[in-house]
Amino acid sequence: MEQKEEIFEKRLSHSDCSKSLLPVRDALDALNGKWKLQIIISLMFGNKRFTQIAKEIPNITDKMLSKELRDLEAHELVKRTVYDSIPVVVEYTLTEHGRSLRELIDVLRVWGIKHRNQVMGKVQVGEALEIES
């Protein structure tokens with residue numbers, strides 16, 4: 001953790017800054033948009049068919065889900081498997097590369113809870129969000 005803090009504490013040159021930004025831009029490119037992380041989180045709970053994913057993510061259209069799944073496949077985060085059966089069954093799974101996002105998603109979840117509580121102030125008892133220890 002100290003090494004991470006040192007990177008941001010010392011004054012970086014323009015070149016150092018650009019080198020630090022490149023991997024962040026790559027990550028944002030792979031995970032951009034409103035739906036990709038939600039799809040990944042859905043698949044972290046197990047392999048799913050298209051309709052199962054669609055039911056778990058409120059307000060996503062079939063067209064958008066299809067597009068986002070193709071993008072996630074292109075970034076090697078999701079694998080699409082077609083089973084030769086009648087009717088044809090298509091199943092989506094996270095790849096090892098996709099599962100490597102778990103720690104990042106956990107950190108984002110914790111930050112999101114803190115952010116929501118700070119921005120929204122005191123939430124009602126039934127809506128209270130707490131960070132799990």
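Because the structure is predicted, anything quoted here is derived from the model rather than measured.
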Asks: Regarding K67 and D71, does a basic nitrogen lie under 4.0 Å from an acidic carboxylate oxygen?
Replies: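 Yes.
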Asks: Considering residues, nucleotides and ligands other than N59, do more than 12 of their heavy atoms fall under 6.0 Å from its CG?
Replies: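 No - once you tally the heavy atoms of other residues, nucleotides and ligands closer than 6.0 Å, there are 12 at most.
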Asks: Does the pair E91/R49 count as a salt bridge with the N-to-O cut at 4.0 Å?
Replies: no
Asks: Hey, could you give me the OH/CD distance between Y92 and Q52, rounded to the nearest 0.5 Å?
Replies: 12.0 Å
Asks: Output the distance between atom CG (L77) and atom OG1 (T95), rounded to the nearest 0.5 Å.
Replies: 5.5 Å
Asks: How far apart are the C-alpha atoms of E56 and S42, what are their side-chain angles, what is the distance that settles it, and do they pass the side-chain hydrogen bond (donor to acceptor under 3.5 Å, both in side chains) test?
Replies: CA-CA 7 Å; E56 289 185 355; S42 172; 2.5 Å; yes
Asks: Roughly how far apart are W111 CH2 and Q118 CD, rounded to 0.5 Å?
Replies: 9.0 Å
Asks: Between I105 and I41, is there a side-chain heavy-atom distance shorter than 4.5 Å?
Replies: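 I41 vs I105: side chains touch.
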Asks: With sequence neighbours excluded, what pairs up with N47 under the side-chain hydrogen bond (donor to acceptor under 3.5 Å, both in side chains) test?
Replies: none
Asks: How far apart are the closest heavy atoms of A30 and K36, and which atoms are they?
Replies: O-CD, 3.3 Å
Asks: H97: what forms a ring-ring contact (aromatic ring centres under 6.0 Å, His included) with it, not counting sequence neighbours?
Replies: none
Asks: Please answer: with hydrophobic residues joined when any side-chain heavy atoms are less than 4.5 Å apart, are L43 and F45 in the same cluster?
Replies: yes
Asks: Given the rule that I, L, V, M, F, W and Y join up when any side-chain heavy atoms are under 4.5 Å apart, are L28 and V107 in one cluster?
Replies: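 They do not share one cluster, since no chain of ILVMFWY contacts under 4.5 Å joins L28 to V107.
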Asks: Could you give the distance from CG (D62) to CD1 (I53), rounded to the nearest 0.5 Å?
Replies: 11.0 Å
Asks: Within the supplied structure, the quantity of interest is the number of heavy atoms (other residues, nucleotides, ligands) at a distance under 6.0 Å from K79 NZ; does it exceed 12?
Replies: no
Asks: What pairs with I60 under side-chain contact (heavy atoms from CB on, under 4.5 Å), at least two apart in sequence or on another chain?
Replies: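 Only W35, I39, I57, M64, L65 meet the side-chain contact (heavy atoms from CB on, under 4.5 Å) criterion with I60.
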Asks: Could you state the interatomic distance from CD1 (I40) to CG (L72), rounded to the nearest 0.5 Å?
Replies: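 One finds 5.0 Å between CD1 of I40 and CG of L72.
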Asks: Treating Ile, Leu, Val, Met, Phe, Trp and Tyr as nodes and any side-chain heavy-atom pair under 4.5 angstrom as an edge, say whether V119 and I113 lie in one connected cluster.
Replies: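 Each belongs to a different hydrophobic cluster.
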Asks: Between CG of L104 and CZ of R109, what distance do you get to the nearest 0.5 Å?
Replies: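 That separation rounds to 12.5 Å.
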Asks: Please determine whether side-chain contact (heavy atoms from CB on, under 4.5 Å) holds for the pair V90 and R80, giving the CA-CA distance in whole Å, both sets of side-chain angles, and the decisive distance to 0.1 Å.
Replies: CA-CA 7 Å; V90 179; R80 179 179 188 262; 3.6 Å; yes
Asks: Are any non-hydrogen side-chain atoms of T93 and V78 less than 4.5 angstrom apart?
Replies: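 No, side chains not in contact.
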Asks: Examine distances only and state if a side-chain atom of R99 and a backbone atom of L94 form a donor-acceptor pair shorter than 3.5 Å.
Replies: yes
Asks: Would a single hydrophobic cluster contain both M44 and L31, if residues Ile, Leu, Val, Met, Phe, Trp and Tyr are joined by side-chain heavy-atom contacts under 4.5 Å?
Replies: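 Yes, because L31 and M44 connect within a single hydrophobic cluster, where side-chain heavy atoms sit under 4.5 Å apart.
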